[in-house]
Number of protein chains: 2
Amino acid sequence: MKVESTELRKAGLKVTHPRMRILEILDSQDGKHFTAEDIYRELLDRHDDIGLATVYRVLTQFEAAGMVLKHNFEGGQAVYELDRGKHHDHMVDIESGKVIEFSSEEIERLQHEIAEKHGYVIEDHSLVLYVRPAKRK
Amino acid sequence: MKVESTELRKAGLKVTHPRMRILEILDSQDGKHFTAEDIYRELLDRHDDIGLATVYRVLTQFEAAGMVLKHNFEGGQAVYELDRGKHHDHMVDIESGKVIEFSSEEIERLQHEIAEKHGYVIEDHSLVLYVRPAKRK
DNA sequence: GTTCATGCAAACCCTTTGCAGCCAT
DNA sequence: ATGGCTGCAAAGGGTTTGCATGAAC
């Protein structure tokens, strides 16, 4: 039995064709971030007849199940990535649109320190650097 | 002459009633973050007959002129605040919706270090901590 | 056979835009 | 006077939802 179907069952979701396909696409490229449209078009390319509404519904369910992370970078369109367990933040190259992942334990630590100082506990956080290739000197 | 009108002229914008009023509202509470609707409703309360479209247009112009900062926190609605020159990041209390400002030179420094390490220069960044009041122990 | 999921189109929310009239300069 | 501004209503883009059909269990 495929890994995907186990994942779905674990999340309490029926193993349906759309969910399997979408999960496969999300899993196909590590570190890649997809918009709902990206996935929809990929499905069309594969001649899978799955509606855009279903893509949104499935992504929302995956997010609720903790299988997928959703990010709202600038630009209106949300992007999704498979949650592979290692936390990271993002850098967006504003010239190419490319998304680079990074992580910094030190920043994480400082964030918790700051929240604590204000009497809070961090539930979630979002750190995005909008960057541009450095000019060679 | 009021400070507001000087600000507007400096930005190359005509000194109109809507722009003055919106600027006044933004200036009325330091550290406060407004949605376009917040401002619109505030204007209605003051019996200023200004359309929501105008509020959006004016806020966009203010942002372009560097007078105002726009943030896209979770929840679909953008919030605006007067740019008073001191950079800061945000913490959002997910229970009350309250926005707390903070700043950390150390985090800023680490961000630049990370971007540089990847061959990039930071153009902009967004750091938001979604927090919950700490339980008393 | 039930229950849950899907496709389609319509609805939704926030934001932007076209246009004719109005106001600041 | 004239060019930029405004209000209104309509359009826009991304996302969600209602409903009848269809698939998974």
Side-chain angles (χ1 to χ4, degrees), chain A residues 1-2 4-25 33-41 43-44 46-65 67-80 97, chain B residues 1-2 4-23 25 33-44 46-65 67-80 97:
Chain A
M1 186 194 293
K2 300 190 70 169
E4 276 85 1
S5 55
T6 313
E7 282 293 314
L8 289 173
R9 270 184 245 281
K10 231 185 339 187
L13 297 168
K14 280 189 182 173
V15 179
T16 64
H17 178 77
R19 301 215 258 239
M20 289 290 280
R21 287 288 169 280
I22 291 172
L23 198 44
E24 281 171 21
I25 290 173
H33 298 68
F34 301 86
T35 64
E37 289 261 354
D38 287 341
I39 293 176
Y40 178 60
R41 277 187 281 97
L43 288 165
L44 289 186
R46 301 185 182 194
H47 304 295
D48 282 310
D49 241 322
I50 295 172
L52 181 55
T54 298
V55 174
Y56 275 106
R57 267 187 298 234
V58 169
L59 287 172
T60 304
Q61 293 159 345
F62 284 2
E63 193 199 2
M67 301 162 60
V68 152
L69 296 172
K70 175 182 182 181
H71 307 288
N72 296 292
F73 300 153
E74 306 266 309
Q77 232 156 163
V79 299
Y80 300 82
Chain B
M1 186 195 291
K2 301 192 69 169
E4 275 86 1
S5 56
T6 314
E7 282 292 313
L8 289 173
R9 270 184 245 283
K10 231 183 343 186
L13 297 169
K14 281 191 180 170
V15 179
T16 63
H17 178 77
R19 302 216 257 239
M20 290 290 279
R21 286 288 170 280
I22 292 172
L23 198 43
I25 290 174
H33 299 68
F34 301 86
T35 64
E37 289 263 352
D38 287 341
I39 292 176
Y40 179 60
R41 276 187 280 98
E42 182 75 34
L43 289 165
L44 288 186
R46 301 186 183 194
H47 305 294
D48 282 311
D49 240 322
I50 295 172
L52 182 54
T54 298
V55 174
Y56 276 108
R57 267 188 296 234
V58 169
L59 288 172
T60 304
Q61 293 159 346
F62 284 2
E63 192 198 0
M67 302 163 59
V68 151
L69 297 171
K70 175 181 180 181
H71 307 289
N72 296 292
F73 300 154
E74 306 267 308
Q77 234 157 161
V79 299
Y80 300 82

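Here is how names work: the chains are called A, B, and so on, in the same order as the sequence lines, proteins then strands, and each is numbered from 1. All of these numbers come straight from a predicted model, not from anything done at the bench.
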Integer-rounded Å distance: [N] [atom2] and [X] [atom1]:
X: B/Y80; N: C/dC14; atom1: OH; atom2: P; value: 13 Å
X: B/R41; N: C/dC14; atom1: CZ; atom2: P; value: 11 Å
X: B/R21; N: D/dG7; atom1: CZ; atom2: P; value: 13 Å
X: B/L8; N: C/dC23; atom1: CG; atom2: P; value: 18 Å
X: A/L52; N: C/dA10; atom1: CG; atom2: P; value: 16 Å
X: A/N72; N: C/dT15; atom1: CG; atom2: P; value: 13 Å
X: B/Q77; N: C/dT16; atom1: CD; atom2: P; value: 12 Å
X: B/Y56; N: D/dG7; atom1: OH; atom2: P; value: 15 Å

Please give me the minimum heavy-atom distance between A/Y40 and A/G51, naming the atom from each residue.
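Between these two residues, the closest heavy atoms are CE1-C, 3.9 Å.
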Minimal non-hydrogen separation, A/S5 against A/M20, with atom names:
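Of all heavy-atom pairs spanning A/S5 and A/M20, the closest is N-SD, 3.9 Å.
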Within-4.5 Å side-chain heavy-atom neighbours: [X] and [Y]:
X: B/F62; Y: B/L23; value: yes
X: B/E42; Y: B/R21; value: no
X: B/I50; Y: B/V58; value: no
X: B/L44; Y: B/H47; value: no

Could you go through nucleotides 2-6 of chain C and list every protein N or O atom that sits under 3.5 Å from one of its N or O atoms, giving the distance for each pair?
unit_1 : atom_1 : unit_2 : atom_2 : d
C/dT3  : O2     : A/K14  : NZ     : 2.9
C/dC4  : O4'    : A/K14  : NZ     : 3.1
C/dA5  : OP1    : A/R19  : NH2    : 2.5
C/dT6  : OP1    : A/T16  : OG1    : 2.7

Quick one: on DNA chain C, does B/T60 or B/V15 contact a more 5' nucleotide (nearest heavy atom)?
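Final value for this comparison: B/T60.
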